[in-house]
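Here is the structure we will look at.
Each ligand, and each atom within it, is numbered from 1 in the order the structure gives. Each residue takes its place number in the sequence, starting with 1. Note that the structure is a prediction, hence the values are computed from the model and not measured.
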Amino acid sequence: MSSPDLTDADRQAVIDVINTPILSMGKYTPAFEKSFCDLTGAKHAIAVNSGTAALHLCVRAAGIGAGDIVITTPFSFVASTNALLFENAIPVFVDIDPRTGNINPELVADAAKNIEKYLPRRGAESDVSRHRKSNVGRRWTPKAIVPVDVFGQPADMDAINAVAKEYGFTVIEDSCEALGATFKGRQAGRLGDFGVFAFYPNKQITTGEGGVIITDDDKAADMMRALRNQGRAPGDTWLQHTHLGYNYRIDEMSAALGVSQMSRLEELLSKREQVAAWYEARLSEIPGVEVPFVESFTTRMSWFVYVIRFDKKINRDEIAKRLQSRGVPVRPYFLPIHLQPYMVERFGWCEDDFPVTEDLGRRGLAIPFSGVMTEEQVDYVCTAIREEIKSTVG
Ligand SMILES: Cc1ncc(COP(=O)(O)O)c(C=O)c1O
């Protein structure tokens with residue numbers, strides 16, 4: 001499906017670390033963090049060992065706890081909701097824009113105003129019913145929102161921030177898929193109170209595993225640095241722990257690889273743009289195939305995956321099976337979060353709760369995508385898609 005884009009210089013950066021005795025908490029972690037401050041203009045960057053850990057630290061730093069309501073999207077990778085569940089917050093899903101797959105800001109505004117209407121409504125033992133019992137008479141207000149920059153395209157952050165400001169809630173921008181994207185000329189991840197990036201090998205840059213949080217909030221940054229390091233606050237010794245913390249530290253090999261990859265960010269993004277352009281030119285000519293939609297406010301798309309959608313009359317799963325058997329790896333993308341078994345069990349969501357999300361989930365297919373793909377490989381994938389559609393639809 002994807003392949004990291006690594007050079008000899010990237011590999012050497014890792015080897016250089018292994019040739020020293022300092023494999024954790026050395027000079028590469030702050031250097032990696034600085035590259036994010038330089039890119040985004042954020043005051044603080046905190047590097048951790050995954051995007052999920054980064055999201056979790058934002059949740060903790062924002063003071064989100066048991067029973068707090070957080071608005072988010074069901075059309076995402078599960079981690080954006082899981083980070084809320086780690087603290088027993090209540091995710092309140094709203095549906096998405098059918099063109100981009102990003103959270104629909106009008107529904108966000110409606111949910112902020114009429115939150116009761118959007119609460120998970122089933123599950124006798126759910127957090128909600130417990131929360132209801134202990135909060136009789138309390139006005140329900142969301143504590144935060146987690147918009148996700150889906151597939152490398154920023155959500156409509158101006159509209160979302162306006163609602164957040166009106167209702168006074170924190171914005172945690174999940175930019176795990178959107179490093180380097182810009183919204184009206186501003187860097188993705190920089191548009192809320194906290195921004196989060198992730199570096200699994202299919203991402204725009206990779207550290208193997210890793211994540212970064214950016215924020216301008218001094219107190220939250222101190223808190224997150226403490227929490228990633230077993231709760232050691234500034235001034236604590238190695239065996240003193242002011243907070244309940246975690247080991248979310250990034251190791252030095254990963255950070256060094258990250259520094260090297262960040263120095264090539266422009267090249268990495270441009271190569272992905274080229275592959276996306278090759279795909280668009282070929283796929284937009286195939287009847288029944290929709291290529292990704294890029295909003296006018298997306299001044300730069302940071303291509304993370306390439307997800308096409310099929311017309312309703314095309315059997316997506318049949319095409320996927322046939323492509324796989326021809327050696328073209330593909331995946332349905334995303335499977336909606338609210339229909340994941342543990343979510344259904346805990347909150348009682350069911351089919352038709354979020355029809356746009358479900359529709360995109362049923363019609364979307366991620367096709368092979370990375371910056372190291374050649375035009376011949378793109379041709380091969382597109383020809384296979386064209387032929388399989390023709391042979392199934394006629
Ligand atoms: C939208 C989104 N959020 C969070 C994550 C979690 O990042 P990680 O896999 O590094 O924990 C990902 C990564 O795939 C993601 O796509």
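- Interface of Glu177 with ligand 1, defined as ligand atoms under 4.0 Å from a residue heavy atom, comprises 1 (C), 15 (C), 16 (O).
- No more than 12 heavy-atom neighbours from other residues, nucleotides or ligands sit within 6.0 angstrom of CG on Asp8.
- Note: an N/O pair closer than 3.5 Å links Thr52 and ligand 1 by distance alone.
- Close contacts of ligand 1 with Ser50, meaning ligand atoms under 4.0 Å from a residue heavy atom, involve 10 (O), 11 (O).
- Counting the atoms of ligand 1 from 1 in the order shown, those under 4.0 Å from a heavy atom of Ser76 are 1 (C).
- Side chain of Arg228 to main chain of Ala47: a donor-acceptor pair is present (N/O by atom type, distance under 3.5 Å, no hydrogens or angles).
- Scanning the protein for heavy atoms near atom 8 (P) of ligand 1, the closest one is Gly51 N, 3.5 Å.
- Contact between Leu55 and ligand 1 is present, with at least one heavy atom of the residue lying under 4.0 Å from the ligand.
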Evaluate the side chain to side chain donor-acceptor pair (under 3.5 Å) criterion for residues Glu358 and His338: first the C-alpha distance (whole Å), next the side-chain angles of each, then the deciding distance (0.1 Å), finally the verdict.
CA-CA 9 Å; Glu358 291 164 33; His338 67 284; 2.7 Å; yes
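- For ligand 1 and Ala198, the ligand atoms under 4.0 Å from any heavy atom of the residue are 7 (O), 10 (O).
- Contact atoms of ligand 1 toward Cys176: 2 (C), 3 (N), 4 (C), 5 (C), 12 (C), 15 (C) (distance under 4.0 Å to a heavy atom of the residue).
- Checked against the 6.0 Å centroid threshold, Tyr118 and Phe354 do not count as a close aromatic pair.
- The shortest N or O to N or O distance between Lys203 and ligand 1 is below 3.5 Å.
- Of all the heavy atoms in Ala144 and Ile64, the pair that sits closest is CB-CD1, 3.6 Å.
- Side-chain atoms of Glu252 and Thr29 form a donor-acceptor pair, as typed in the model, at a separation below 3.5 Å.
- For ligand 1, the atoms closer than 4.0 angstrom to any heavy atom of Val148 are 1 (C).
- Each of the following atoms of ligand 1 lies closer than 4.0 Å to a heavy atom of Ala79: 4 (C), 5 (C), 6 (C).
- A tilted orientation is assigned to the rings of Tyr246 and His56, their planes being inclined by 30° to 60°.
- In this structure, Tyr279 has its ring center closer than 6.0 angstrom to the ring center of Tyr306.
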